[in-house]
Undergrad: 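Dumping the structure here so I can ask a few things about it.
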Amino acid sequence: MDLSTLLGIVASFALMVMAIMSGGSIFLFVNIPSVIIVVGGTIGATFIHYPFKDIFGAASVFRKAVFHREPTSQETVEQLVRFAGKARKEGILALQAVTGEVQDPFFLKALQMAVDGQEAQDLKQMLENEIDYIQDRHDGGADIFIAMGTYAPAMGMIGTLIGLVQMLQTMNDPSTIGPAMAVALLTTFYGAIIANVFCLPVAGKLRNRSQSEVLRKTLIAEGMRCVLVGENPRLMEQRLHAFLAPKHRESSFGKKE
Amino acid sequence: MDLSTLLGIVASFALMVMAIMSGGSIFLFVNIPSVIIVVGGTIGATFIHYPFKDIFGAASVFRKAVFHREPTSQETVEQLVRFAGKARKEGILALQAVTGEVQDPFFLKALQMAVDGQEAQDLKQMLENEIDYIQDRHDGGADIFIAMGTYAPAMGMIGTLIGLVQMLQTMNDPSTIGPAMAVALLTTFYGAIIANVFCLPVAGKLRNRSQSEVLRKTLIAEGMRCVLVGENPRLMEQRLHAFLAPKHRESSFGKKE
Amino acid sequence: MDLSTLLGIVASFALMVMAIMSGGSIFLFVNIPSVIIVVGGTIGATFIHYPFKDIFGAASVFRKAVFHREPTSQETVEQLVRFAGKARKEGILALQAVTGEVQDPFFLKALQMAVDGQEAQDLKQMLENEIDYIQDRHDGGADIFIAMGTYAPAMGMIGTLIGLVQMLQTMNDPSTIGPAMAVALLTTFYGAIIANVFCLPVAGKLRNRSQSEVLRKTLIAEGMRCVLVGENPRLMEQRLHAFLAPKHRESSFGKKE
Amino acid sequence: MDLSTLLGIVASFALMVMAIMSGGSIFLFVNIPSVIIVVGGTIGATFIHYPFKDIFGAASVFRKAVFHREPTSQETVEQLVRFAGKARKEGILALQAVTGEVQDPFFLKALQMAVDGQEAQDLKQMLENEIDYIQDRHDGGADIFIAMGTYAPAMGMIGTLIGLVQMLQTMNDPSTIGPAMAVALLTTFYGAIIANVFCLPVAGKLRNRSQSEVLRKTLIAEGMRCVLVGENPRLMEQRLHAFLAPKHRESSFGKKE
Amino acid sequence: MDLSTLLGIVASFALMVMAIMSGGSIFLFVNIPSVIIVVGGTIGATFIHYPFKDIFGAASVFRKAVFHREPTSQETVEQLVRFAGKARKEGILALQAVTGEVQDPFFLKALQMAVDGQEAQDLKQMLENEIDYIQDRHDGGADIFIAMGTYAPAMGMIGTLIGLVQMLQTMNDPSTIGPAMAVALLTTFYGAIIANVFCLPVAGKLRNRSQSEVLRKTLIAEGMRCVLVGENPRLMEQRLHAFLAPKHRESSFGKKE
């Protein structure tokens with residue numbers, strides 16, 4: 001569960017509602033036709049832009065990013081160092097026994113390829129190739145939210161233009177100008193909220209998740225290469241720690257020995 | 001037929017019309033001179049920007065993207081694995097027999113070059129060179145729609161400025177200000193619609209199609225290289241699956257054996 | 001003569017004039033001091049930004065792009081294939097005889113270097129180095145128009161601010177507000193026209209021309225390399241066709257034999 | 001202590017306050033609900049965008065950038081040249097003695113690896129790998145401030161829209177329009193201040209600090225490689241000086257001998 | 001002396017002043033507190049963004065770019081060809097005699113290294129390394145002006161918001177609204193002028209200067225390599241001419257012999 005995403009969304013919306021209610025009724029800000037123009041138009045433009053399967057994919061990527069916890073890079077380094085020690089003592093085939101500890105399909109595949117006798121250099125290259133395509137797919141998920149965050153304010157502006165044109169064409173009674181213009185502005189308001197309190201920050205979070213997952217997978221690719229060439233586990237740990245911030249470089253050897 | 005594009009365009013325009021009609025007559029939003037300024041100006045700027053043949057090419061790229069169905073990457077992997085098996089059993093020349101199954105001219109050319117005895121590395125390099133230029137041409141098609149999506153709002157603003165200047169110069173009767181301004185705003189409205197409900201999302205779709213086509217062609221280039229070096233079909237399938245999302249990695253061998 | 005550029009400019013301006021005249025006198029839109037601020041300011045900023053020789057160079061690049069016709073890539077491939085056949089039959093020195101058929105100085109230089117006995121790899125590298133610098137210079141030409149397309153709207157806004165400040169400071173007679181504001185808006189109007197109907201589309205056209213010229217020169221560099229290594233002309237044609245769209249790949253051999 | 005950051009922040013805010021007070025009471029510009037919308041909304045969007053640990057990390061990066069003094073590149077070159085001389089005279093192991101002079105953990109690690117007998121090429125590659133990841137982490141810190149600098153004006157606009165809608169809906173007494181609109185504009189004002197006087201310049205400073213730190217670490221990696229291959233200290237100094245501006249290239253040898 | 005910069009700045013400002021004076025008194029456009037907000041705020045934000053030494057460095061880069069004349073690329077090619085001839089006839093050491101003709105410290109250093117017996121490949125690599133860092137430093141100078149060109153309009157908007165809020169809060173006498181708003185708009189006006197008539201074009205000029213200097217230094221690095229490997233001066237001239245536009249490729253040999 002990604003707490004900061006949930007907290008951020010709930011807090012931002014609560015804030016908006018409070019800010020509105022401190023100045024008057026919240027119902028002034030609810031206008032169903034305006035919601036339909038902005039939300040419907042944004043979804044429509046997104047459907048033109050992306051194929052169905054990418055849009056449904058983005059929804060599942062979002063759900064996974066918010067509700068699914070990934071192991072940290074530190075934990076992955078620790079596991080890799082442990083596996084390296086085991087492989088040096090008991091041989092590569094001993095890695096068969098540890099596949100139960102690993103959930104990540106990418107890590108599993110790497111272990112299986114190692115057990116199957118793949119060469120170190122080949123294994124690393126195939127894993128890095130896979131990382132490239134994983135990154136492409138993840139960035140695609142974030143891109144959909146960025147596109148929605150671009151269309152939403154545009155639809156808001158289109159809605160406001162519709163409202164303004166209608167108001168200006170029928171400007172007989174001055175007392176109706178204010179409320180008519182207020183309603184016209186609502187679509188701009190909705191567009192700004194959808195873009196800045198939902199789509200763009202969520203796209204940013206997806207990109208961040210993707211980056212940390214790519215880092216973790218890069219650690220696995222580099223670590224498995226070291227395991228296959230039989231590198232010293234201490235040296236391998238030092239090598240992998242270069243990928244991490246200094247404060248996360250807690251050595252397994254310091255703890256064990 | 002690309003359903004999501006069609007659905008998106010129809011749904012977005014239906015929505016706009018409904019939103020307008022819920023507030024008054026649709027005829028308030030139809031103004032032929034305004035349409036001419038925005039549409040004509042956008043086409044004019046696009047003609048300055050691009051040579052004729054690129055513009056007509058973009059129209060045909062668009063038609064193809066909406067109405068033409070490409071085989072999926074999974075289907076391509078399956079075919080390649082099948083061809084690899086055939087080539088291993090019966091020799092490279094047996095691929096001559098399968099050219100009938102393939103429609104894609106790029107795939108056909110790759111098969112023909114293989115049958116003609118091209119070296120694996122040469123073949124891959126020539127195919128990758130071709131992929132680079134295919135990508136350049138496709139991106140060119142999307143770029144035209146992006147350019148139109150940039151010029152349309154600018155033409156809308158120019159039209160609104162023309163309307164405002166005329167209104168301000170002849171501001172005698174206050175009761176005419178509202179309707180005159182409403183008409184002036186229509187060009188901005190048209191520009192925003194053309195850009196955000198047509199040009200920009202269509203450009204996005206073209207880019208997406210281009211990406212998936214490049215991915216498929218990259219699979220063909222890599223797959224044909226494997227066929228020529230006589231790689232094990234299972235290993236080749238594993239290698240090609242690295243390009244696909246995990247859920248699309250259905251092995252042909254699981255099914256067959 | 002690049003017809004689409006000329007047609008686009010003439011059509012766009014005709015459209016603007018028609019749109020204006022359908023709503024009133026064209027003279028409402030002519031204001032010499034406003035023209036001076038926007039055009040003069042844009043030129044001034046461009047002079048700060050670029051050295052004299054680049055600005056004059058950009059003007060000549062523009063003239064050349066509009067009035068000068070380049071041979072197409074297909075024609076170049078055909079010529080190269082023909083030269084390759086000649087060189088194979090009669091030796092490299094026979095290329096001396098064909099230099100008369102070639103106008104492009106880059107192609108001429110390549111032929112001369114080949115006749116002078118340059119090595120294939122050296123020749124290709126020197127030509128590619130030259131292509132890089134040609135591209136830099138061409139992009140420089142387009143960049144000047146992009147810069148002008150950025151400064152023009154800014155100068156328009158500055159002019160409008162000057163008009164607004166003057167109007168607001170001397171706001172005694174309400175009946176003068178409308179016309180004063182109309183005049184103030186004219187600079188914004190000029191800036192938008194200069195940027196969107198001239199500078200930015202022309203910059204785009206220059207970039208397109210540069211791309212197709214670079215493609216043609218890349219064909220020459222690759223083709224001359226093939227000529228020097230004595231590659232089979234059919235294979236060379238196939239190799240060069242990879243750079244072109246499929247519909248332009250008309251084989252010289254299909255026609256001849 | 002980074003004086004220019006502190007001076008810039010203090011001076012800019014003092015200026016704003018002075019500018020406001022020269023025209024009226026500062027209390028016209030203080031509105032707690034407006035502050036809450038803009039600051040709270042910006043923080044909320046940032047929490048959706050980034051995981052907790054990155055946000056706290058950015059705060060510590062900022063504190064370090066403002067209050068922590070790094071050794072200059074010149075000082076680092078001088079140290080490296082001195083260590084190179086020592087290593088040539090007394091052997092690599094003599095570097096153990098100088099680890100006390102060095103605070104930077106990266107430099108310490110490089111020295112330790114040299115003393116431990118790492119190969120020159122390996123050492124350089126591991127250090128450069130580490131530099132890449134340091135740069136990624138630093139850019140991440142700056143990116144958070146850039147994201148905040150994007151959300152703050154958006155939240156300001158949302159706040160102003162809320163104020164405008166409320167004002168327009170309840171537009172009975174004309175005398176209240178002015179003050180109500182003034183309050184509505186305050187959120188835009190806050191958003192602009194937060195973005196342009198704090199977030200964006202601070203992000204720029206962090207990027208600058210990161211660049212100069214990466215330059216310094218690149219000097220260390222290159223210098224330690226030279227030390228390990230036993231290069232002549234004068235030649236090494238010349239090599240490292242290429243990274244510095246000419247005016248900072250003061251030779252240690254000029255001074256000493 | 002870079003005439004176009006000076007001419008552009010003087011002409012643009014003269015134009016603005018003329019445009020203003022044709023419509024009224026120039027004193028309507030002078031407001032000291034507004035100048036202080038925009039100029040002070042821009043400088044403040046720049047101080048937060050950049051360390052002191054970079055800001056002073058940018059000022060000196062600007063002074064040098066405007067008042068200092070660099071030798072042209074053609075002159076440099078001519079010198080290099082002359083030196084190559086001398087080195088071929090009299091040996092590398094004869095280059096010691098020509099160091100007096102060269103002012104550019106980079107060229108001097110290259111000559112000195114050649115005389116000192118550096119290897120051709122080493123010399124080129126060290127010079128190219130230095131060129132990279134020269135480019136980084138130059139781009140840094142241009143970046144400061146770009147940052148100032150971004151902050152100035154933002155400070156203008158902040159100043160206008162301050163003026164608007166004060167005006168709206170104290171909107172008793174309608175006759176004061178016009179002048180108050182005029183004053184509020186002045187900061188936006190100043191910001192636009194500072195950005196578009198000074199900062200952004202100057203940044204562009206600095207980038208142009210940097211590009212032509214890098215080109216010249218690249219010529220020196222490539223030329224000195226040719227000198228050291230003893231390449232034929234005619235061939236070397238041909239090679240260096242590939243970096244120049246065709247019209248600047250005047251051969252020294254055509255003239256001399």
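A, B, ... follow the sequence lines: proteins, then strands. Residue 1 opens every chain. Side chains included, hydrogens not; waters and symmetry mates left out as well; all remaining heavy atoms used.
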Undergrad: Which atoms of D:Y50 come close to chain A, meaning under 4.5 Å heavy atom to heavy atom: side chain ones, backbone ones, both, or neither?
TA: both
Undergrad: Please flag which part of A:L206 lies under 4.5 Å from any non-hydrogen atom of chain D: side chain, backbone, both or neither.
TA: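 Neither part; nothing is under 4.5 Å.
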Undergrad: Under a 4.5 Å heavy-atom cutoff, which of D:I158, D:I37, D:L164 has the most pairs with chain A?
TA: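 Ranked by heavy-atom pairs under 4.5 Å with chain A, first place is D:I158.
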Undergrad: With a 4.5 angstrom heavy-atom cut-off, which part of D:P105 approaches chain A: side chain, backbone, both or neither?
TA: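 Neither; nothing under 4.5 Å.
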Undergrad: Most heavy-atom pairs under 4.5 angstrom with chain D, which of A:L15, A:V197, A:T188?
TA: A:L15
Undergrad: Grab the two heavy atoms, one from A:G24 and one from D:Q166, that are nearest each other, plus how far apart they are.
TA: N-NE2, 3.7 Å
Undergrad: How many angstroms lie between CD in A:Q238 and CE in D:M126, if you round to the nearest 0.5 Å?
TA: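 Going from the CD atom of A:Q238 to the CE atom of D:M126 covers 5.0 Å.
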Undergrad: Can you tell me how far CD1 of D:I162 sits from CD1 of A:I193, rounded to the nearest 0.5 angstrom?
TA: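 If we round to the nearest 0.5 Å, A:I193:CD1 and D:I162:CD1 are 6.0 Å apart.
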Undergrad: Please classify the contact between A:A11 and chain D as side chain, backbone, both or neither, with a heavy-atom cut-off of under 4.5 Å.
TA: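 No part of it gets close to chain D.
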Undergrad: Please look at A:Q211 and chain D and tell me whether the side chain, the backbone, both or neither of the residue comes under 4.5 angstrom of a heavy atom of that chain.
TA: neither
Undergrad: Hey, which of A:F189, A:F13, A:F243 has the most heavy atom pairs under 4.5 Å with chain D?
TA: A:F243
Undergrad: Taking all heavy atoms of D:G41 and all of A:S12, pick out the closest pair and write down the distance.
TA: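 Closest heavy-atom pair between D:G41 and A:S12: O-OG, 4.3 Å.
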Undergrad: How long is the span from the CZ atom in D:F47 to the CD1 atom in A:I9, to the nearest 0.5 Å?
TA: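 Nearest 0.5 Å value for the CZ-CD1 distance: 13.5 Å.
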Undergrad: Taking C-beta and beyond as the side chain, do A:M16 and D:M155 meet within less than 4.5 Å on heavy atoms?
TA: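 Contact flag for A:M16/D:M155 side chains = yes.
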Undergrad: Start with the C-alpha gap between A:F198 and D:I48, add the side-chain angles, then the distance that decides, and say whether side-chain contact (heavy atoms from CB on, under 4.5 Å) holds.
TA: CA-CA 8 Å; A:F198 185 69; D:I48 306 177; over 6 Å; no
Undergrad: D:Y133 and A:L215: which non-hydrogen atoms are nearest, and at how many Å?
TA: CE2-CD1, 3.5 Å
Undergrad: Spell out, as yes or no, whether a donor-acceptor pair under 3.5 Å connects the side chain of A:N208 to the backbone of D:H49.
TA: yes
Undergrad: Out of curiosity, A:Y190 OH to D:L161 CG, how far, rounded to the nearest 0.5 Å?
TA: 11.5 Å
Undergrad: Atom CD of D:Q169 and atom CG of A:L185: how far apart are they, to the nearest 0.5 Å?
TA: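 If we round to the nearest 0.5 Å, D:Q169:CD and A:L185:CG are 10.0 Å apart.
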Undergrad: Is A:F29 close to chain D through its backbone or its side chain, or both, or neither, when contacts mean heavy atoms under 4.5 Å?
TA: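 Only the side chain of A:F29 comes within 4.5 Å of chain D.
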Undergrad: What part of A:T160 lies closer than 4.5 angstrom to a heavy atom of chain D: side chain, backbone, both or neither?
TA: neither
Undergrad: So which of A:A180, A:P201, A:P153, A:A203 has the largest heavy-atom pair count under 4.5 angstrom toward chain D?
TA: A:P201
Undergrad: First locate atom CG of D:D54, then atom OG of A:S4, and finally report the distance between them rounded to the nearest 0.5 Å.
TA: 9.0 Å
Undergrad: Side chain, backbone, both or neither: which part of A:L7 has a non-hydrogen atom closer than 4.5 Å to chain D?
TA: side chain
Undergrad: Is the count of non-hydrogen atoms from other residues, nucleotides or ligands lying under 6.0 Å from D:E75 atom CD greater than 12?
TA: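 Check passes, neighbour count above 12.
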